[in-house]
Amino acid sequence: MLILTLIQIISLLLTVLMWIIIIQAVLSWLVAFNVVNTHNDFVRQLLYGLSRITEPLYAPIRRIMPDFGALDFSPLVVLLIIQILLRTVLPAIAISATS
């Protein structure tokens, strides 16, 4: 039963990470379209904090993926990996642990 608890914790952490990536993407779009101003101290600190969390995940993917200019597909790739883990890998581990 310990393994099931660990799987639930990992699932929760991956879900939180997924939402952090989505929030960062939306916030960066709002900054890019001048809806939110980075001169605001809270917005700047929030962007910095989210960047510090997600940048270690994006860096290896950016090294592998080709350069698309201004478009950055690394958050999308990380979200896809998280979904694969949440929908296929973790349930398979849970099923094998209960057998």
Side-chain angles (χ1 to χ4, degrees):
M1 291 304 153
L2 178 65
I3 190 83
L4 294 177
T5 305
L6 289 173
I7 289 173
Q8 289 176 340
I9 292 170
I10 291 170
S11 176
L12 176 67
L13 291 175
L14 286 173
T15 303
V16 168
L17 182 62
M18 182 181 67
W19 281 108
I20 287 172
I21 292 170
I22 292 170
I23 290 168
Q24 181 193 25
V26 170
L27 191 58
S28 69
W29 292 336
L30 291 175
V31 168
F33 291 117
N34 249 350
V35 175
V36 176
N37 194 347
T38 55
H39 294 296
N40 184 335
D41 198 33
F42 174 74
V43 173
R44 189 173 344 107
Q45 288 181 354
L46 183 62
L47 277 172
Y48 178 74
L50 292 174
S51 173
R52 296 276 301 197
I53 293 170
T54 58
E55 198 58 39
L57 298 171
Y58 298 158
I61 295 170
R62 287 182 181 143
R63 283 194 300 264
I64 297 170
M65 290 185 62
D67 186 23
F68 291 105
L71 295 176
D72 184 16
F73 289 111
S74 55
L76 180 62
V77 172
V78 172
L79 287 175
L80 287 173
I81 292 170
I82 289 172
Q83 285 301 312
I84 290 169
L85 289 172
L86 286 174
R87 293 178 187 251
T88 59
V89 175
L90 290 179
I93 294 171
I95 289 171
S96 67
T98 57
S99 310

Residue pair [X] / [Y]: nearest heavy atoms and the distance that separates them:
| X | Y | value |
| --- | --- | --- |
| Thr54 | Gln24 | OG1-OE1, 2.9 Å |
| Pro56 | Ser51 | CD-O, 4.5 Å |
| Ile82 | Leu14 | CG2-O, 3.7 Å |
| Ile7 | Ile93 | CD1-CG2, 3.5 Å |
| Ile21 | Pro75 | CG2-CB, 3.9 Å |

Separation of [Y] [atom2] from [X] [atom1] (nearest 0.5 Å):
| X | Y | atom1 | atom2 | answer |
| --- | --- | --- | --- | --- |
| Leu12 | Leu86 | CG | CG | 10.0 Å |
| Arg63 | Ser74 | CZ | OG | 11.5 Å |
| Leu76 | Ile81 | CG | CD1 | 10.0 Å |

Is it the case that one hydrophobic cluster holds both [X] and [Y], taking links as side-chain heavy atoms less than 4.5 Å apart, direct or via other members?
| X | Y | answer |
| --- | --- | --- |
| Leu4 | Ile9 | no |
| Val16 | Leu13 | no |
| Val77 | Phe68 | yes |
| Tyr48 | Val36 | no |
| Ile23 | Ile53 | yes |

Please, which pairs that meet salt bridge (charged side-chain N to carboxylate O under 4.0 Å, His left out) have at least one residue in [range], sequence neighbours excluded?
| range | answer |
| --- | --- |
| residues 81-97 | none |
| residues 64-80 | Arg62-Asp72 |
| residues 89-99 | none |
| residues 25-43 | Asp41-Arg44 |

*Okay, side chain of Ser96, backbone of Ala92: is any donor-acceptor separation there less than 3.5 Å?*
yes

*asked:* Atom CZ of residue position Phe73 - does it have more than 12 heavy atoms of other residues, nucleotides or ligands inside 6.0 Å?
replied: yes

*Share the residues that join Leu6 in a hydrophobic cluster, the rule being Ile, Leu, Val, Met, Phe, Trp or Tyr side chains under 4.5 Å apart at the heavy-atom level.*
Leu2

*Between Val43 and Leu30, is a side chain to side chain contact (heavy atoms under 4.5 Å, CB included) present by the stated rule, with each step listed?*
CA-CA 11 Å; Val43 173; Leu30 291 175; over 6 Å; no

*Can you check side chain to side chain contact (heavy atoms under 4.5 Å, CB included) on Ile20 and Leu50, steps first, answer last?*
CA-CA 7 Å; Ile20 287 172; Leu50 292 174; 3.6 Å; yes

_Applying ring pair (Phe, Tyr, Trp, His ring centres under 6.0 Å), can you list everything that pairs with Phe42, at least two apart in sequence or on another chain?_
none

_Within the structure provided, determine whether Leu85 and Ile10 are in side-chain contact (heavy-atom separation under 4.5 Å)._
no

